[in-house]
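Note sheet for the following structure.
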Amino acid sequence: MSNKLLPNANVIIKGTKEGLTLHLDDSCSFDMLLEELEAKLSANMKAPENKPSISVRVHTGYRYLTEQQESRLRDIIAAKKTFKIEGIQSNVITIDEAKSQREASEITSMAAVIRSGQVIEVPGDLLLIGDVNPGGQVSAGGNIFILGALKGIAHAGKYGKLDSVIAASVMKPSQIRIGDYLNGAPEPNSEEQSGMECAYVDNGQIIIDRLQILKRIRPNLNRFEGGF
Amino acid sequence: MGEAIVITSGKGGVGKTTTSANLGTSLAILGKKVCLVDTDIGLRNLDVVMGLENRIIYDLVDVVEGRCKTHQALVKDKRFDDLLYLLPAAQTSDKNAVTPEQMHKLIGDLKQDYDYIIIDCPAGIEQGYKNAVAGADKAIVVTTPEVSAVRDADRIIGLLEKEEGMEAPKLVINRIRSHMVKNGEMLDIDDITTHLSIDLIGIVVDDDQVIKASNQGEPIALDPNNRASVAYRNIARRILGESIPLKPLDEEPKGLVAKLKKFFGVR
């Protein structure tokens, strides 16, 4: 990297259309980095008052920031009133974070009847081969697919993923939740609806429709990677 | 080495005790050595239904706490020659007087001497239930064609499936009223079995004689001509491994020909 050649070039400030990007070197010590950042920001930035604040992105390269370090970094930048931190990016994450990220994108499949009083919870998507009986509950961080009858409670997008969907071969839930949205039992006229159905959030309310429309409204469900 | 079967339901009043009494009686009629165990401590009534109440000397808690030997507490049913015994529950203690470990040991001991141990479980899913299922190898879940009973049965099946070493539970649907099912006013058998998705082992029709019989302390299974009695005996035979087709309901023959055949007694 070219900045290695220059002394005191652990912090590089670059201007982009969106604002400033601070590239922080990942091989020097963290204290050195903070010192230099402090100096550079004070020296270069004598912005006049009443100007709109400049958004700043921080890129820490291959340095892992602990929560404490991150808050110190934020304090220094925020102390200069003209800056607003948009985000801190890093090339590295901890194993725990990596694990939870992987879990959140995994499909957990299980063959079971979820009976009254039983609760199933998965971090990612859930593929249930069996029924959810009244009084039973399934919840997932992502989507819920049920090859069977949903007669109990299903909660998709538990942690706020609002584009999550719930699909079931027989959709007769006692309650459906997606993120914070909630829907009681669908109207009794759904007796006529034979065939599979799905639930999704649209304009702040949960809609139940036939399964086939998911292809159109949730193209991100398509994970097929290959040519045909 | 015998087999211990717990009769449970979750909900109260669906006929656990009646089913226990009649299955025990039916198995004894079929020549098996049976011990009925009432685990409804504090609210015992299997002894009343069996008509053995006034012969109780010791009870389950006495046995578990070592105040008497197991055989001293067993009440022999004199209608059967040495085939049917009852271990009554205590009336003066509560469910916490016994632990699942103690029950496991007790049932294990009884299995040495009897072909079948029928355990009558109390309603609920607390201590009493845990005690009742502790020593059991198999479970029979009793339900009635009511939404509340089916819901509780579902809960109980979920709990039974988590028990280690327990076979998949079997279902008895009790108190079916054929005319209500025909009118569509009652859950029918198919609704219940698809919902609970376990094997059905018997269907018992609602019959006034059952109540009359248990009030007299004579289990209905002793009456060979009663419909409910036949149902209980069939369940007992299915427990023994015989394959007897399940007849959904006693269907009246339809059509003129069938009616004439019935009139002339032709089958």
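Hydrogens, waters and symmetry mates play no part in the numbers below; they use all other heavy atoms, side chains included. First the proteins, then the strands, lettered A, B, ... as listed; each starts at 1.
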So with a 6.0 Å cut-off around [atom1] of [X], is the heavy-atom count from everything else above 12?
| X | atom1 | answer |
| --- | --- | --- |
| A/Asp180 | CG | no |
| B/Asp208 | CG | no |
| B/His104 | NE2 | no |
| A/Glu67 | CD | no |
| A/Glu97 | CD | yes |

Side-chain heavy atoms of B/Lys162 within contact of A/Gln118, under 4.5 Å: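 Of all side-chain heavy-atom pairs linking A/Gln118 with B/Lys162, at least one is under 4.5 Å.
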
field: Exercise: identify the closest heavy-atom pair between B/Ser197 and A/Arg115
entry: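 So the two residues come closest at OG-NH2, 3.7 Å.
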
statement: In terms of heavy-atom contacts, A/Asn133 and B/His195 come closest through ND2-O, 3.0 Å

message: Looking at chain B, which one of A/Ala149, A/Pro134, A/Ala112, A/Gly135 has the largest number of heavy-atom pairs inside 4.5 Å, strictly under?
response: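 The residue among A/Ala149, A/Pro134, A/Ala112, A/Gly135 with the greatest pair count is A/Pro134.
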
- prompt: Roughly how far apart are B/Asp152 CG and A/Ser116 OG, rounded to 0.5 Å?
  reply: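 The distance works out to 7.0 Å.
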
